[in-house]
Protein chains: 2
Amino acid sequence: MTRHVVNFNAGPAGLPRPALERAQAELLDFQGTGMSVMEHSHRGKAYEAVHQEALQLTRELLQVPASHDILLLQGGASQLFATVPMNFLHPGKSADYIMTGNWADKALAEAKLIGTVREAGSGLVDGKPVRVPKQSELSLDPNAAYLHFTTNNTIEGTQFFDFPDPGTVPLVADMSSDFMWRPFDVSKFHLTYAGAQKNVGPSGLVVAIIDKAWMATGSTKIPSIFRFKTHADNQSLYNTPPTFSIYLMRNVLAWLKELGGLPAMERRNREKARVLYGAIDASAGFYRCPVEVSARSVMNVVWRLPNEALEEQFVKEATKAGLEGLKGHRIVGGIRASTYNAVSVEGVTELANFMREFQRKNG
Amino acid sequence: MTRHVVNFNAGPAGLPRPALERAQAELLDFQGTGMSVMEHSHRGKAYEAVHQEALQLTRELLQVPASHDILLLQGGASQLFATVPMNFLHPGKSADYIMTGNWADKALAEAKLIGTVREAGSGLVDGKPVRVPKQSELSLDPNAAYLHFTTNNTIEGTQFFDFPDPGTVPLVADMSSDFMWRPFDVSKFHLTYAGAQKNVGPSGLVVAIIDKAWMATGSTKIPSIFRFKTHADNQSLYNTPPTFSIYLMRNVLAWLKELGGLPAMERRNREKARVLYGAIDASAGFYRCPVEVSARSVMNVVWRLPNEALEEQFVKEATKAGLEGLKGHRIVGGIRASTYNAVSVEGVTELANFMREFQRKNG
C-alpha cells in the first residue's frame with residue numbers, strides 16, 4: 001500500500017496527481033510515437049504541440065492580453081534577479097525595489113551589481129518582515145527604470161493583496177509563489193515572472209509574462225541568451241528548452257482548466273487558508289501567526305508554537321502522520337505550511353485536525 | 001503493441017530504456033515516500049541522496065580529479081557561451097576561439113559582446129566545415145585568457161580526436177555532443193561543459209567540470225548567479241536545481257556504470273560508427289559523407305544522397321520503418337544519424353540494412 005501523504009513543501013512542491021499519472025502512463029510511449037516526450041526533438045511536431053498548448057493554456061487561464069508575450073525560461077527566478085536589471089536598468093537610471101523579505105533582498109543584491117537601485121518601501125515592523133507596505137507608505141521614484149516587488153513572501157508568509165500603483169513607472173513582480181492560484185490583471189504589469197516549482201510544474205522552468213513594447217527597449221549590449229526579446233522572437237525555442245518540464249506544466253495547466261480555471265482555484269485556495277488560519281486563531285495563543293492579519297499569505301502559512309522544542313516535536317509527529325514539509329525555513333524557524341494548488345482542502349483539514357489534537361496533548 | 005523505433009534525434013535524444021523504466025516505476029512514489037522525486041524538497045534527504053549520487057557517478061565514470069569541481073547548471077550550453085567570457089575574459093585580455101561550425105560561431109558571437117576575441121583556427125576547406133584543424137594549423141595567442149573549442153560539431157558531423165594543446169593557456173571545451181561516450185583526460189581542461197540532452201539526460205541541465213583554482217579567478221563583478229564559484233560553493237544547490245532532470249541523469253549514469261562504464265561504452269560507440277560509415281563507404285558513392293575521414297564524428301554521422309528529392313524520400317521511408325530523426329540540420333541539409341549512447345549497435349545495423357535496401361531500390 002502506498003504511504004498516505006499531504007505535501008506541504010515550499011517548492012519543489014506537490015503536483016496534482018492527475019498531471020503525474022498522465023506523465024507516468026505515457027512516459028515510455030508518447031501518443032503512440034514509441035518514444036518518451038523527452039526523447040522528441042524540440043523542433044518536431046509532437047513536442048511542438050505540447051509547447052504551444054502550454055503557452056496557450058497560460059494565456060487562456062490568466063487572460064493574458066495580446067500586448068504581452070509569454071516566455072518559458074531557464075535558470076530559476078534567481079536568474080531573473082540578474083537579467084531584469086541587465087535588460088532594463090539602463091545607465092543613468094535607477095530602479096526601485098520594495099523590500100519585504102529574503103527573496104526581495106536577493107533580487108536587490110543582484111541588481112546592485114548591475115546599476116543604481118533604491119529601496120522604495122519595506123514590510124518591516126521593529127525590524128521584522130511581518131507585513132507588506134501600503135501604497136501610502138511607499139516612497140516612489142517617478143523616474144525609476146521600474147518598480148520591482150515580491151508579491152508573496154514564501155519564507156515570511158506575507159502577501160500583497162492590493163498591488164502597488166507605480167504611476168507611469170513599469171511594474172515588475174517576482175510572483176514565483178503567487179502565480180496561477182487566482183486571476184490577476186496581467187495588463188497592470190510590464191513583467192511578471194515565476195519559478196514553476198510552486199503552482200505550475202517541476203523545478204527548472206520559469207514562466208515570464210512581459211509587455212512587448214517594453215521588452216523592445218531592453219539592452220542589446222548584453223549576451224543574446226539573456227535578452228527577453230531573444231526568447232520572445234523564437235517562441236521560447238531559441239535554444240533547447242526543458243521539454244519535459246514544459247510538458248508537465250502543460251499537464252498541470254490542463255488539470256487546472258478542467259477543475260474550473262483560476263476562479264475555481266481561488267475559491268479552493270481561500271477555503272484552505274480559512275481552515276488553516278482558523279485553526280491557528282482558535283488555539284487561544286498556542287499557535288501564533290507572526291504576520292499582520294491583512295498580509296497573511298494564502299500560499300505560505302507560517303506560525304510558531306510556545307517553544308522550539310514543541311515546534312520540533314510538532315514537525316516530527318506531523319511527518320509521521322504523513323503531513324510532510326512543515327518545517328519553517330531555516331532563516332526564520334517555526335512552522336510553515338505551503339498550500340499551493342496541488343494541496344486539497346481535505347489535506348489542509350487533516351492538518352488542522354492534527355493541530356487541534358497536538359494542542360490537546362501538549363497545550 | 002508499442003511502435004518499434006530507433007531514435008537518431010540530435011538532442012533531445014533517446015534515453016536508455018532502463019533509465020526511463022526506473023523513472024516510470026517510481027514516478028508517483030519515490031522509494032516509498034508517497035511522493036514523486038520531483039515533489040521532494042531540493043534540501044530534503046531523499047533528493048539530496050540523488051543529487052550526490054549524480055555528482056559521484058560523474059566523478060567516478062570520468063575519473064574527475066580532486067582539482068576539479070562538477071557543477072549542475074541550467075540554461076543550456078548556450079548560456080555558458082555567455083557566462084564563460086563573463087567569468088574569465090577579464091578586461092585587457094583576449095580569448096582564442098577555434099571555429100569549426102555553427103555552435104563555435106554562436107559561442108564566439110556571445111563572447112564578442114563581452115570582450116576581445118580572436119579566431120585561432122578553423123575547420124574550413126574551401127569555406128566548408130568538413131574537418132577540424134591540426135595542432136600545427138592553429139594560431140595560438142600565448143597570452144589568451146583561454147582557448148575555447150567545440151570538441152564535436154553536431155551539425156557538421158566533425159569531431160576532434162586529438163585535443164589541441166594550448167600550452168599554458170586554459171583550455172575550455174563545449175563537449176555537449178561529445179560527453180560521457182568515452183573516457184578522456186579531464187585534467188587537461190580548465191573547463192568542459194555539456195548540455196545533458198545528448199548522452200546523459202533530458203534537456204534543461206548542463207554538466208560543467210571546472211578547475212577549482214581557475215574558477216577562483218572568475219570575475220566577482222558579475223551577478224552571483226552567473227559565477228561558477230557560486231554554484232561550486234553550494235554544491236549546485238545555490239538556487240533550486242532542475243531536480244527531476246538530475247534524477248534522470250542519475251538513472252542514465254547508473255545504467256552506464258552497470259554496462260561497464262566508459263571503456264565499454266566507447267567500444268559500443270566505435271562499433272556503431274564502424275557499421276554506419278561502413279555502409280556509406282560500401283555504397284559506391286550513392287551515399288557520400290562530406291567530412292574528411294580523420295574528422296568523422298562518432299556521435300553524429302552525416303551524409304548526402306545523389307539529390308535532395310532522394311534525401312527527402314529516404315527520410316520519409318526511414319521514418320515509416322521506425323528509424324526516427326534522420327533529417328539533417330536545416331542549415332546543411334542531407335541526412336544525419338546521431339548515434340548517442342542510448343542507440344544500440346542493433347539499431348544502427350537496422351539503419352545500415354535500410355540504407356542498402358533503399359539503394360537497391362533507388363540506386
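In the text below, chain A, chain B and the rest are named by the order of the sequence lines, each starting its count at 1.
- Options Leu28(B), Thr220(B), Asn239(B), Ile222(B) differ in how many heavy-atom pairs under 4.5 Å they form with chain A, and the most are formed by Leu28(B).
- Top candidate by heavy-atom pairs under 4.5 Å with chain B, chosen from Leu73(A), Leu15(A), Ile246(A), is Leu15(A).
- Proximity to chain A among residues 103-116 of chain B is limited to Glu110(B), Leu113(B), Ile114(B), judged by heavy-atom separations below 4.5 angstrom.
- A heavy-atom distance below 4.5 Å is found between the side chains of Arg330(B) and Arg43(A).
- The main-chain N or O of Thr33(B) is found under 3.5 Å from a side-chain atom of Arg3(A) such that the two form a donor-acceptor pair.
- Taking chain B as the reference chain and counting heavy-atom pairs below 4.5 Å, the highest number among Pro85(A), Ser224(A), Pro12(A), Pro241(A) is found for Pro12(A).
- Looking only at heavy-atom pairs under 4.5 Å with chain B, the residue among Met35(A), Glu324(A), Lys221(A), Lys327(A) that has the most is Met35(A).
- Using a 4.5 Å cut-off between heavy atoms, Gln197(B) touches chain A through its side chain atoms alone.
- With rounding to the nearest 0.5 angstrom, the CD atom of Gln24(A) is 10.0 Å from the CG atom of Asp29(B).
- The aromatic rings of Phe226(B) and Phe226(A) are tilted relative to each other, their planes meeting at an angle between 30° and 60°.
- Atom OG1 of residue Thr240(B) and atom NZ of residue Lys198(A) lie 6.0 Å apart, to the nearest 0.5 angstrom.
- Legend: side chain to side chain donor-acceptor pair (under 3.5 Å) pairs involving residues 73-84 of chain B, not counting sequence neighbours, sorted by first then second residue: Gln79(A)-Gln79(B).
- Heavy atoms of Tyr47(A) lying under 4.5 Å from chain B are absent altogether.
- When every heavy atom of Leu20(B) is checked against every heavy atom of Met38(A), the shortest pair comes out as CD2-CE, 3.9 Å.
- Contacts of residues 229-237 of chain B with chain A at a heavy-atom distance below 4.5 Å are absent; not one residue qualifies.
- Leu248(A) touches chain B through its side chain: at least one heavy atom from C-beta onward sits under 4.5 Å away, while N, CA, C and O do not.
- When each of Ser41(B), Ala342(B), Gly44(B), Gly76(B) is checked for heavy-atom pairs under 4.5 Å with chain A, Ser41(B) comes out on top.
- Minimum heavy-atom separation, Ile225(B) to Gly75(A): CD1-O, 4.4 Å.
- Options Ser245(B), Ala13(B), Ser36(B) differ in how many heavy-atom pairs under 4.5 Å they form with chain A, and the most are formed by Ala13(B).
- In this structure, the portions of His42(B) lying under 4.5 Å from any heavy atom of chain A include both its backbone and its side chain.
- For Ala77(B), no part lies under 4.5 angstrom from a heavy atom of chain A.
- Using a 4.5 Å cut-off between non-hydrogen atoms, the part of residues 199-206 of chain B that approaches chain A consists of Pro202(B), Ser203(B), Gly204(B).
- Looking at Glu21(A), the atoms closer than 4.5 Å to chain B (heavy atoms on both sides) sit in the backbone and in the side chain alike.
- In this structure a side-chain-to-backbone donor-acceptor pair under 3.5 Å is present from Asn7(A) to Glu39(B).
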